[in-house]
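Taking it in order: structure first as structure tokens, then the write-up.
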Amino acid sequence: MSDRSLYTAALVLALVTSFTADRASAYCRMTTQGNSPIGNSPCVEEGEPLVWNNPCLSYAIDYRGSVWMDFADVETAIDASFETWEQADCGGSSTPNLIFKGLQSSTCQRAEFNTTGNVNTIAFLDPFKDRCADADAPGYSPFAFAVTTTWHNTSTGEIFDADIMINDEFATGSFAGGPYANCPDTGCLSTDADLASIVTHEIGHFIGIGHSTVRDATMFASADRTSVEKRTLESDDRNAVCDIYPPGSLDDSCNAVPMGGLQLDCDANACDGPASSGGCSATGTPADAPWGALLVALLGLTVVRRRSGRRGARS
């Protein structure tokens, strides 16, 4: 991939203070010149918007799943989250030109992109850090529910790969983490966090959408921990996905093989090399922030999804 200019960026779903919207509406696009917009930071207008040129995408969940939920329940939450975006109402019974295909579970528990063999992986980490990092190396932000690392072309904005690392530690004090659950429609019980709400918000970033200033939108920067409101889309969210991926001709016969080919087995040589190759390097996560509500601080984006036909088990 020497003929391409590559860039990696981290998305963080974190716990931070609430923000007040300063515009009536308008979603943001992530761009090649974007830094880390937080809360109601203005949209970045410079650079090329990030987008999947081939919006036929696959992903796999690491077979170890989460300590807080059965693997089948994790799959249910993640499948529902991706389907929410894929089935967004674009008017006239049309939906976005997006297809997400679920694969069988992977052994991939690390964010990485390779010139050959990739998978858009979703993994739960405890401790919440790169599994191959030195014992004394800093981990991902403890205020983050999830960190998504993406690689994209810095000239065109084409997204190549994305991996979602979810904080599977126990949430204490101002730190994020579990327990997670598939909460009832009335909201989560006790201190549970709704996994589908977290993932649905993340997927918006994965497909190139930044923050919205509409308070009830899925892509608004903050929400209560026990809320389930972000797992359903509002008009601003639908406008965003339908504008970026207007209705087209994709169907389930499309090719969802990742760039460089599919690699579902990452454990064998998991730490033999750097987390990325082919000219890629990862950025750091955004700075820690105080307790409050859920925020996504983003630098780059991506999208993935899955359907039936995947089997997985927890160890």
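The first residue of the sequence shown is numbered 1, and numbering continues consecutively from there.
- Using a 4.5 Å heavy-atom threshold, the side chains of R231 and T84 count as separate.
- In this structure D126 satisfies the side chain to side chain donor-acceptor pair (under 3.5 Å) test with no other residue, sequence neighbours excluded.
- To the nearest 0.5 Å, atoms CD (E202) and OG1 (T218) are separated by 12.5 Å.
- When side chains are defined from C-beta on, R29 does not count as touching L50, because their heavy atoms never get closer than 4.5 Å.
- Pairs engaging residues 225-255 under the disulfide (SG to SG under 2.5 Å) rule: C56-C254, C90-C242 [sequence neighbours left out].
- Taking the six-membered ring where the residue is Trp, H211 and H205 present perpendicular rings, their angle passing 60° and hence far from 30°.
- The minimum heavy-atom distance linking P246 with N97 is given by the pair O-CB, 3.1 Å.
- Partners of S106 according to the side chain to side chain donor-acceptor pair (under 3.5 Å) rule, which considers only residues two or more places apart in sequence or in another chain, do not exist here.
- The side chain to side chain donor-acceptor pair (under 3.5 Å) test applied to R238 returns no partner, not counting sequence neighbours.
- Donor-acceptor pairing under 3.5 Å is recorded for the side chains of D168 and S66.
- Here the side chains of S197 and V228 are in contact, with some heavy-atom distance below 4.5 Å.
- D161 has its side chain within reach of N120: a pair of non-hydrogen atoms, C-beta onward, lies under 4.5 Å apart.
- Residue pairs meeting the disulfide (SG to SG under 2.5 Å) criterion with at least one partner in residues 155-240, sequence neighbours excluded, are C183-C188.
- The closest donor-acceptor contact from the side chain of S81 to the backbone of A196 lies under 3.5 Å.
- Residues forming a side chain to side chain donor-acceptor pair (under 3.5 Å) with N255 (at least two apart in sequence, or on another chain): none.
- The side-chain heavy atoms of F175 and E169, taken from C-beta on, include no pair separated by under 4.5 Å.
- To the nearest 0.5 Å, atom CG of residue N182 and atom CG of residue D194 are 7.0 Å apart.
- The shortest side-chain heavy-atom distance between I244 and I207 does not fall under the 4.5 Å cut-off.
- Counting heavy atoms from C-beta outward, Q263 and E112 have side chains that stay 4.5 Å or more apart.
- Remark: the backbone N or O of M219 is paired with a side-chain donor or acceptor of D237 at under 3.5 angstrom.
- Rounding to the nearest 0.5 Å places CE of M165 at 6.0 Å from CG of L125.
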